[in-house]
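From a predicted model like this one, the values you see are computed outputs, not experimental measurements.
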Amino acid sequence: MYERILVPTDGSDVAEAAVDHALDLAEKYGAEVHALYVVDIDSVNFSLGTEQVDRLKQGRFDEMGELKEQADEATGVVAERGAERGVEIVEHVSGGRPHKVIGDYAETHGIDLIVMGSHGRAGVRRALLGSVTERTLRSTHVPVLVVDYLDEE
């Protein structure tokens, strides 16, 4: 049923809960998992200079140490957990509007299912879903499994 599962991640607890679900499904169906970290260019425009924003738009993340480290850490968690379970992982970092990048990536790579957290790191939690998750649901024809995270403290 599923051959390729996409899990967008920002390294948050909610995203990591989605990773667990994606890996469970991948094990069950023998699917590969694509870990995608998206640099939201709209949100970093305000804090970065023009030259840095241009680097992001061109996908030159290696030239931005801290950002590259965050992205590698987030997708690396997926790769490590996948390796422990024998699941093939594809890591990818991209820049743009997150919901658009997620939808485009899913279409381009023949993704059968997107598994994502109900909300991410950025912004205040919305009543039902985070804005990226909500926009992804509205802008793709690929099935989306939305995973919520309950902090048990």
Side-chain angles (χ1 to χ4, degrees), residues 1-45 53 56-62 67-153:
M1 176 173 238
Y2 302 116
E3 294 179 24
R4 284 174 293 284
I5 299 170
L6 173 61
V7 60
T9 182
D10 60 5
S12 66
D13 290 338
V14 177
E16 289 190 21
V19 168
D20 290 336
H21 284 271
L23 292 174
D24 286 346
L25 288 167
E27 275 185 304
K28 179 175 181 172
Y29 292 103
E32 70 182 15
V33 171
H34 292 241
L36 175 64
Y37 183 96
V38 181
V39 178
D40 185 348
I41 293 186
D42 289 342
S43 69
V44 296
N45 265 340
V53 171
L56 292 175
K57 288 180 179 176
Q58 296 168 13
R60 295 170 28 207
F61 305 105
D62 289 336
L67 182 61
K68 178 72 172 136
E69 194 175 302
Q70 289 174 349
D72 288 345
E73 185 177 328
T75 61
V77 166
V78 181
E80 287 172 17
R81 289 184 183 174
E84 291 169 1
R85 297 177 178 210
V87 174
E88 183 180 341
I89 305 295
V90 176
E91 295 178 73
H92 187 77
V93 178
S94 191
R97 298 186 76 196
H99 72 282
K100 180 151 178 40
V101 172
I102 292 165
D104 290 347
Y105 186 95
E107 188 169 318
T108 302
H109 292 87
I111 299 297
D112 303 303
L113 177 68
I114 300 169
V115 181
M116 61 191 304
S118 58
H119 60 283
R121 285 188 195 274
V124 177
R125 182 174 176 180
R126 296 182 62 175
L128 293 175
L129 298 173
S131 60
V132 172
T133 303
E134 182 178 344
R135 288 179 181 145
T136 300
L137 284 166
R138 294 175 189 263
S139 64
T140 185
H141 297 289
V142 175
V144 179
L145 172 61
V146 179
V147 178
D148 199 4
Y149 170 80
L150 299 174
D151 188 3
E152 297 183 17
E153 287 183 31

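- P8 approaches V115 most closely through the heavy-atom pair CD-O, 3.4 Å.
- Looking at residues two or more places apart in sequence or on another chain, you find a ring-ring contact (aromatic ring centres under 6.0 Å, His included) between Y2 and Y29.
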Discussion item. Set out, in order, the CA-CA distance, both residues' side-chain angles and the distance that settles side-chain contact (heavy atoms from CB on, under 4.5 Å) for L23 and I89, then state yes or no.
Written reply: CA-CA 10 Å; L23 292 174; I89 305 295; 3.9 Å; yes

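- When each of V101, T75, V38, L36 is tested with H92 by the rule side-chain contact (heavy atoms from CB on, under 4.5 Å), just one qualifies, namely L36.
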Practice prompt. Go through the steps to decide whether D10 and V132 satisfy the test side-chain contact (heavy atoms from CB on, under 4.5 Å), and finish with yes or no.
Written response: CA-CA 11 Å; D10 60 5; V132 172; over 6 Å; no

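- Inter-residue side-chain proximity for V144 and M116 is flagged as met; some heavy-atom pair is nearer than 4.5 Å.
- The minimum heavy-atom distance between L113 and I111, with the atom names listed, is O-CG2, 3.2 Å.
- Between the side chain of T133 and the backbone N or O of G117 there is at least one donor-acceptor pair closer than 3.5 Å.
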Practice prompt. Carefully, step by step, assess T9 and V77 under the rule side-chain contact (heavy atoms from CB on, under 4.5 Å).
Written response: CA-CA 9 Å; T9 182; V77 166; over 6 Å; no

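- Separating the CG atom in L25 from the CD1 atom in I5 is a distance of 5.0 Å, to the nearest 0.5 Å.
- Applying the salt bridge (Lys or Arg N to Asp or Glu O under 4.0 Å) definition to pairs two or more places apart or across chains, those involving residues 101-117 are K100-D104.
- Residues E91 and D72 form no side-chain contact, since every pair of their non-hydrogen atoms from C-beta on lies 4.5 Å or further apart.
- When the salt bridge (Lys or Arg N to Asp or Glu O under 4.0 Å) test is applied to E16, the partners found at least two apart in sequence or on another chain are R81.
- Summarising the geometry, atom CD1 belonging to I114 is positioned 4.5 Å from atom OG1 belonging to T140; distances are rounded to the nearest 0.5 Å.
- Annotation for V14 and S118: closest pair CG1-N, 3.3 Å, computed over non-hydrogen atoms.
- For A71, the side chain to side chain contact (heavy atoms under 4.5 Å, CB included) test picks out Y37, V93, with sequence neighbours left out.
- Listed by chain and number, the residues in a ring-ring contact (aromatic ring centres under 6.0 Å, His included) with H109 are H34, Y105 (sequence neighbours excluded).
- When every heavy atom of V87 is checked against every heavy atom of A26, the shortest pair comes out as CG1-CB, 3.7 Å.
- The salt bridge (Lys or Arg N to Asp or Glu O under 4.0 Å) search around E73 returns none, not counting sequence neighbours.
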